[in-house]
Amino acid sequence: MKRVTYAGSEFVTGNDIAAALLGCGQALAEAGEAEAVTVPTREPDGSVGEVTVLIGPASQMVARDADSDDELVDESAVARLKSIQRRLRPVAVIDLPASHDDWNDEI
């Protein structure tokens, strides 16, 4: 579990969720954009809640280990955050030959 500090508030969320949130924030900052995202949280009573944060170019977030062994897993939340990253960081796919033997090493 991770304790995320953002805009003077703290919330606890899962390790993968926190990593995806930080990655999403970095991608938004690089693109000069902002977006409100909702992530699941582990509440003090052990229940699952959620928090919506506005992240963008000026966001400053810190994630550190939380004193909890009750890991919060939400694959759909991680997928949503990663989809924002993919949208902002498109990847070109290059079709390479099946074998290096097909390459012409002569210049």
Side-chain angles (χ1 to χ4, degrees):
M1 296 288 285
K2 295 289 185 192
R3 181 173 309 281
V4 178
T5 304
Y6 178 73
S9 297
E10 286 190 343
F11 59 91
V12 175
T13 193
N15 291 325
D16 291 343
I17 299 165
L21 180 62
L22 291 172
C24 182
Q26 182 179 6
L28 285 162
E30 290 169 355
E33 295 184 21
E35 191 159 333
V37 297
T38 300
V39 295
T41 60
R42 178 72 66 201
E43 299 300 319
D45 66 1
S47 65
V48 176
E50 64 181 25
V51 63
T52 301
V53 294
L54 176 64
I55 54 178
S59 296
Q60 296 180 354
M61 269 184 279
V62 175
R64 58 186 171 92
D65 288 337
D67 296 328
S68 175
D69 294 327
D70 191 16
E71 181 65 22
L72 178 58
V73 176
D74 188 327
E75 293 176 11
S76 65
V78 172
R80 283 192 315 271
L81 293 167
K82 287 186 175 185
S83 72
I84 294 170
Q85 292 178 59
R86 283 190 304 277
R87 175 177 52 86
L88 296 168
R89 294 179 177 153
V91 177
V93 176
I94 300 171
D95 196 14
L96 295 175
S99 157
H100 291 356
D101 296 337
D102 297 337
W103 291 11
N104 182 355
D105 292 325
E106 295 178 22
I107 300 179

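Quick note: residue numbers are just sequence positions, from 1.
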Fill in: Side chain proximity check, Val12 to Thr41, heavy atoms < 4.5 angstrom
no

Discussion item. Checking Ser68 now: which residues fulfil side chain to side chain donor-acceptor pair (under 3.5 Å) with it, not counting sequence neighbours?
Written reply: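 Per chain and number, Ser68 pairs via side chain to side chain donor-acceptor pair (under 3.5 Å) with no residue.
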
Practice prompt. Apply side-chain contact (heavy atoms from CB on, under 4.5 Å) to Ser9 and list each qualifying residue two or more places apart in sequence or on a separate chain.
Written response: none

Fill in: Residue list, side-chain contact (heavy atoms from CB on, under 4.5 Å) with Asp45, at least two apart or on another chain
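Checked Asp45 against side-chain contact (heavy atoms from CB on, under 4.5 Å); matches are Glu43, Ser47.
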
What pairs of donor and acceptor atoms, side-chain ones from residues 26-38 against any protein atom, are under 3.5 angstrom apart with sequence neighbours left out?
{"from": "Gln26", "atom 1": "NE2", "to": "Glu30", "atom 2": "OE2", "distance (Å)": "3.3"}
{"from": "Glu30", "atom 1": "OE1", "to": "Arg89", "atom 2": "NE", "distance (Å)": "3.1"}
{"from": "Glu30", "atom 1": "OE1", "to": "Arg89", "atom 2": "NH2", "distance (Å)": "3.0"}
{"from": "Glu30", "atom 1": "OE2", "to": "Arg89", "atom 2": "NH2", "distance (Å)": "3.4"}
{"from": "Glu35", "atom 1": "OE1", "to": "Arg87", "atom 2": "NH2", "distance (Å)": "2.6"}
{"from": "Thr38", "atom 1": "OG1", "to": "Thr52", "atom 2": "OG1", "distance (Å)": "2.8"}

Please tabulate, for side-chain N and O atoms in residues 13-25, each donor-acceptor pair with protein atoms closer than 3.5 Å (sequence neighbours left out).
{"from": "Thr13", "atom 1": "OG1", "to": "Pro40", "atom 2": "O", "distance (Å)": "2.7"}
{"from": "Asn15", "atom 1": "OD1", "to": "Met1", "atom 2": "N", "distance (Å)": "3.2"}
{"from": "Asn15", "atom 1": "ND2", "to": "Glu71", "atom 2": "OE1", "distance (Å)": "3.3"}

Show me, pair by pair, the donor-acceptor contacts under 3.5 angstrom made by side chains of residues 53-62, not counting sequence neighbours?
{"from": "Ser59", "atom 1": "OG", "to": "Gly56", "atom 2": "N", "distance (Å)": "2.7"}
{"from": "Ser59", "atom 1": "OG", "to": "Gly56", "atom 2": "O", "distance (Å)": "3.2"}

Worksheet item: Do Val51 and Val73 sit in the same hydrophobic cluster, where Ile, Leu, Val, Met, Phe, Trp and Tyr count as joined when their side-chain heavy atoms come under 4.5 Å apart?
Response: no

Worksheet item: Salt bridge or not for Asp65 and Lys2, using N-O below 4.0 Å?
Response: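 Yes.
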
